[in-house]
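To start, the structure itself, in C-alpha cells.
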2 protein chains.
Amino acid sequence: MSSSPPFINVRKQPRQARSSATVETILEASARILETRGLAAFTTNAVAERAGVSVGSLYQYFPTKEAILTLLIRRKREALIAALESERARADHRGLKCMVDGFVHAALVHQLERPGLSRSLEYAEATLPINAETEVLKRSIIVIVAEALSMHGIAEPQTSARDLAALTRGMADAGGLFGETDLASLEQRIRRAVYGYLGLGA
Amino acid sequence: MSSSPPFINVRKQPRQARSSATVETILEASARILETRGLAAFTTNAVAERAGVSVGSLYQYFPTKEAILTLLIRRKREALIAALESERARADHRGLKCMVDGFVHAALVHQLERPGLSRSLEYAEATLPINAETEVLKRSIIVIVAEALSMHGIAEPQTSARDLAALTRGMADAGGLFGETDLASLEQRIRRAVYGYLGLGA
DNA sequence: GCATATTATGAGCAATCACTCGTATTTCTT
DNA sequence: AAGAAATACGAGTGATTGCTCATAATATGC
C-alpha cells in the first residue's frame, strides 16, 4: 500500500538515458506502423523489428500491446490540449470568431500532421476497453472549447463543442484521406461550417 | 476468356435457397461482431461460430476474410446510394435547402442505424488495399450530391459534396459514440453547419 | 429410386500472435 | 577495478489465426 506508480501503462520506469530512448523508439515505430499499415499490422513483433529493438525490451516498458496504444493516444491528446489552451489564452480578449478560428486551426494542424495515425488511434480508442484516464483527456478537450463558447454566450456549449470537434475531425480526416495539400483552403471551408453552426455571419 | 464472374468476392454462387441463407447468416454474424466488438474480434472462426455455421461453409462462399468486409461495405454503400438517389428524385422540383435536408436525413439515418458497424467498415475501408469497385461506389455517392449541388449553382460541387459528407459523417459518428438518442436534434445541428457551409441563411 | 450436383462439416495445418524468461551486456556507484 | 543495478536480448511458449480438404449430408433432375 505504498505510493501508486505514476504511470500504470509503463511496466518499468526508465532510469537511464538509453532506456528512455528505447521507449521513444518503440513509440515512434508504433506510430509509423499505425499510420502506414493500420491497426491490423500493429503487432508487437513488427513494432520491435521496426524499432530495431528486441521484443523483450518492449515488454520491459509496456505490459501489453494496448499499453503502447494508450500512451500514444494520451500523448496525442495532451498535445492537442496544450495547443487549444494556448489558443484560448491568446484569444481571451479577442472575439468569438477569432477564437474559433484559432481552435479550428490548432485541431486541423494537429490532425493533418499524421492523418493515418490519427485515424488509427481514433478507431483504436473507440474499440479499446474504456480507459478512465484517456476518457478524462477526451472530456477536457471538449471542456476547453465549451468554456470558451460559453464565455461568448453560446447556448448548449457542451453539445456545441462536441459537434464542432466532430465536424472538424470529420472534414480533416476526409481531407487527409483525399490527399488534400492546401491546408488553408480546407481550413476556410471548415470555418464556413463552424460559423454556420454557431449562427455567426460568414 | 469467357464471361467474367459477376461477383469476384464470392467464391461459389449459391444455387439453392439454403446456401443463400448461409451467406446471409455469415454476413449478419460478421456485422454483429464488427459493431459490438470491432475489427480486432472479427475472425473467421468467430464469424462461423456466431453464424452457427462451419468455417468450411464460410470459405465456400468467401475466398478470404477481407471478401466479407468488402461485400458488407458494398452493400452499405449501395443502400446509401439508393437512399440518396430516391431523395434526389423527390427533391428535383424543390429548393436547394429542402434537398440538402433530405440528403442529411438519409445519411444520418443510414449511419445511426448501426453506428458501430459503420465505424468499423469505415476504418476497414481506409486500411484495406484499394478495391476498385468499392472506390467507384464511394465516388458515386459524392457525384450524386455534387450534381444536385451543381444544379443549384453551388460552386466547387465536388469539393462541397465531399466536405458535406465528411461533416455529416463526423457529427453522426460522434453522436453514435456519445449515445445520442434524439435524432431530430442532431439532424438540426448538422443542418446548421451545412447551411453555413453552403452560405444559405439559417 | 437413383445418380449427380450442391451444400455442410470440422479436424487440423502452417503461420503468426502476444508474451516470458534465462542470460548477456552495458552503465552506475564507489 | 569490482560489484550492483539497469538494460537488452531472442529463442521459445501456448494460444490463436486464416484457411484447406477429405468426407458426409442434403437437394435436384430424371
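Naming convention: chains lettered A, B, ... in sequence-line order (proteins, then strands); numbering from 1 in each chain.
- Whole-Å rounding puts the K65(A) NZ to dT17(D) P distance at 12 Å.
- Proximity of S57(B) to the phosphate of dT7(C): no side-chain N or O atom is located under 4.0 Å from OP1 or OP2.
- Nearer the 5' end of DNA chain C, as judged by each residue's closest nucleotide, is the contact made by Q16(B), out of V55(B) and Q16(B).
- Between the CD1 atom of I26(B) and the C1' atom of dA8(C) there is a distance of 11 Å, given to the nearest Å.
- Between the CE atom of M171(B) and the CG atom of D163(A) there is a distance of 3.5 Å, given to the nearest 0.5 Å.
- A side-chain donor from one of R189(A) and S185(A) sits under 3.5 Å from a side-chain acceptor of the other.
- Between Y61(B) and dA8(C) there is a side-chain N or O to OP1 or OP2 distance below 4.0 Å.
- Along DNA chain D, the nucleotide nearest V53(A) and the nucleotide nearest F42(B) are compared for position; the residue whose nucleotide lies closer to the 5' end is V53(A).
- Counting to the nearest Å, the P atom of dC9(D) and the CG atom of N45(A) are 14 Å from each other.
- A close approach under 4.0 Å does not occur between any side-chain nitrogen or oxygen of T44(A) and OP1 or OP2 of dC19(C).
- Taking 4.0 angstrom as the limit, T22(B) places a side-chain polar atom (N or O) nearer than this to OP1 or OP2 of dA8(C).
- One can place CD of Q60(A) at 16 Å from P of dA24(C), the figure rounded to the nearest angstrom.
- One interatomic measurement links the two molecules: CZ of F62(B) to P of dA8(C), which rounds to 12 Å at whole-angstrom precision.
- Residues F62(B) and T44(B) have side chains not in contact (no heavy-atom distance under 4.5 Å, counting atoms from C-beta outward).
- Of the two residues contacting DNA chain D, namely G56(B) and A40(B), the nearest-nucleotide position lying further toward the 5' end is that of A40(B).
- Taking 4.5 Å as the limit, some side-chain heavy atom of L198(A) sits within range of a side-chain heavy atom of L164(A).
- Of the side-chain N and O atoms in S54(A), none sit less than 4.0 angstrom from OP1 or OP2 of dG10(D).
- Paired with R74(A) under the rule salt bridge (Lys or Arg N to Asp or Glu O under 4.0 Å), one option of E125(A), E133(A), E135(A) passes, and it is E133(A).
- Contact check, Y59(A) against dT20(C): no side-chain N or O comes under 4.0 Å of OP1 or OP2.
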